[in-house]
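To keep things clear, I will list the structure first and then write my remarks on it.
The figures here come from the full heavy-atom set of this structure, side chains too, leaving out hydrogens, waters and symmetry mates. The residues of the chain are indexed from 1 along the displayed sequence.
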Amino acid sequence: MQRAIILLLRGVLFGGSYAGMFALGWWVASDTPAEVATAAASTAGQQKVVNLRKKLDRLPDDPDLLLEFITTQLQQGDLQAAYDHLQTLGQQYPQRWQFGLLAAELLRTSGELAAAEQQTQRLLAVNPDNLSLLRLYCRILLERGEPGRAEAIAEAAWQRVQSPGNPGAQGTVDAVPYGLLLADVRRSQGKVGAADQLLEQMIDRSKRRRPDPRPLIAQAMLRQDNGDLEAAQQLLAEARQHGDSTTIKWLDILSRRWSLELTRAPTQTPAQPPGTPPPLTTP
């Protein structure tokens, strides 16, 4: 769980990776259990936290230091300290919504879904079309057993960013990630046909303008989920034709990973997720 939060932290503070565009179920960076730290490593980590805190007293706005400090707390397994620090930073820098997002994500991963929802709602009231906030809000709603609300939120955002009454807005907002969010919410509910239909519409639309690899990648992941590896690989190959060098490298890694998964023994038992951490205390 700590590894997943650290990846999210890097994404929201410094710009997400290509793999981060699927935040619900299609997140390629898997959430794996953290290794148990030795006593020596724990002591060294605690000393690092102390040293970083001193540096932050001198350079409180340094984003690299902020990242390293919170990451170190998470690596130490001190979720409460990381959460408290994020809350303080959110109060000091209210314009930086990233701190509130990360605090809400820590609440979610600790099982405090109601508190996480409330915090995310407050952030969305100020920034209703923020994609990162919408992704987290939909995930919280799905985990609370409210798929209808999650789909309604995602669909409303998708309709807004397309701005049919304001054609000029389409040049300023990248609508594709909002469509991918809606497709992923539908997929997570088992509405595979509806998700696939939306992705087909997005692919057709991109072909009429400028080919975009992202809906093709999402559709490939949908095929992979359904066990159709051949179709998934074909879609990845098509997406590869329209990607930049970074995207192509990422697609090559994904393609190899899927090929390796196909060769694994079917009786292999997947790793169990780590235990749920203790709830965080909120004001």
Side-chain angles (χ1 to χ4, degrees), residues 7-8 10-30 129-136 138-139 151 154-155 157-164 166-188 191-263:
L7 288 170
L8 175 67
R10 293 183 184 276
V12 298
L13 289 183
F14 302 104
S17 67
Y18 215 91
M21 64 184 187
F22 306 107
L24 293 173
W26 285 330
W27 191 11
V28 175
S30 60
D129 292 328
N130 185 297
L131 185 61
S132 297
L133 295 173
L134 286 167
R135 283 170 173 162
L136 177 57
C138 288
R139 184 169 188 173
E151 184 173 353
E155 186 161 9
W158 166 238
Q159 296 298 333
R160 283 197 306 272
V161 297
Q162 294 183 87
S163 304
N166 184 12
Q170 293 194 18
T172 59
V173 177
D174 182 7
V176 170
Y178 295 86
L180 296 178
L181 174 61
L182 176 56
D184 199 9
V185 170
R186 289 175 175 174
R187 179 206 59 82
S188 68
K191 297 181 178 180
V192 177
D196 190 57
Q197 184 178 18
L198 175 59
L199 292 172
E200 282 288 353
Q201 294 171 358
M202 295 173 67
I203 291 169
D204 290 342
R205 183 180 302 180
S206 73
K207 287 179 178 177
R208 293 195 298 268
R209 300 175 182 175
R210 183 173 65 87
D212 191 320
R214 292 173 294 178
L216 290 163
I217 298 170
Q219 196 170 52
M221 291 178 168
L222 196 63
R223 297 289 186 272
Q224 169 71 6
D225 284 349
N226 291 335
D228 192 348
L229 181 61
E230 183 177 353
Q233 293 286 13
Q234 289 175 353
L235 286 163
L236 287 187
E238 186 177 350
R240 196 179 187 279
Q241 297 174 11
H242 307 300
D244 56 22
S245 58
T246 301
T247 303
I248 289 172
K249 290 179 182 178
W250 182 76
L251 289 173
D252 288 344
I253 293 171
L254 184 58
S255 179
R256 289 194 297 269
R257 173 179 172 178
W258 286 355
S259 296
L260 287 172
E261 288 178 353
L262 185 64
T263 63

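- Interatomic distance, Arg256 CZ to Leu251 CG, rounded to the nearest 0.5 Å: 11.0 Å.
- Residues satisfying the side-chain hydrogen bond (donor to acceptor under 3.5 Å, both in side chains) criterion with Lys249, sequence neighbours excluded, are absent altogether.
- For the pair Arg214/Ser206, no side-chain contact is recorded, criterion being any heavy-atom separation below 4.5 Å from C-beta on.
- Atom CE in Met202 sits 10.0 Å away from atom CG in Leu216 (nearest 0.5 Å).
- Taking all atoms of both residues into account, the shortest heavy-atom contact from Ala220 to Ala232 is O-CB, 3.4 Å.
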**Message:** Leu181 vs Trp158, test: side-chain contact (heavy atoms from CB on, under 4.5 Å). Steps then yes/no.
**Reply:** CA-CA 8 Å; Leu181 174 61; Trp158 166 238; over 6 Å; no
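- Under the side-chain hydrogen bond (donor to acceptor under 3.5 Å, both in side chains) criterion, Glu238 pairs with no residue, sequence neighbours left out.
- With values rounded to the nearest 0.5 angstrom, Tyr178 atom OH is found 9.0 Å from Arg135 atom CZ.
- Looking only at side-chain heavy atoms (C-beta outward), Glu230 and Arg223 stay at 4.5 Å or farther from each other.
- Minimum heavy-atom separation, Gly243 to Pro213: CA-CG, 4.3 Å.
- Side-chain contact between Asp184 and Arg187: present, with at least one pair of heavy atoms (C-beta onward) separated by less than 4.5 Å.
- Looking at residues two or more places apart in sequence or on another chain, you find a side-chain hydrogen bond (donor to acceptor under 3.5 Å, both in side chains) between Glu151 and Arg186, Gln189, Lys191.
- Looking at heavy atoms from C-beta onward, Gln219 lies in side-chain contact with Asp196 at the 4.5 angstrom threshold.
- For the side-chain contact (heavy atoms from CB on, under 4.5 Å) test, no residue two or more places apart in sequence or in another chain qualifies with Arg210.
- Within the model, atoms CD of Gln224 and CD1 of Ile217 stand 14.0 Å from one another, a figure rounded to the nearest 0.5 Å.
- Asn226 contributes no side-chain N or O that, together with a main-chain N or O of Asp228, makes up a donor-acceptor pair within less than 3.5 Å.
- Partners of Ile248 by side-chain contact (heavy atoms from CB on, under 4.5 Å), not counting sequence neighbours, listed by chain and number: Arg240, Asp252.
- Ala175 and Val161 make their closest contact through CB-CG2, 3.8 Å (heavy atoms, listed as atom of the first residue, atom of the second, distance).
- If you take CE on Met221 and CG on Leu236, they are separated by 7.5 Å, rounding to the nearest 0.5 Å.
- Between Leu180 and Leu198 there is no side-chain heavy-atom pair separated by less than 4.5 Å.
- Residues passing the side-chain hydrogen bond (donor to acceptor under 3.5 Å, both in side chains) test with Asp129 are Arg160, sequence neighbours excluded.
- Separating the CZ atom in Arg139 from the OG atom in Ser188 is a distance of 10.5 Å, to the nearest 0.5 Å.
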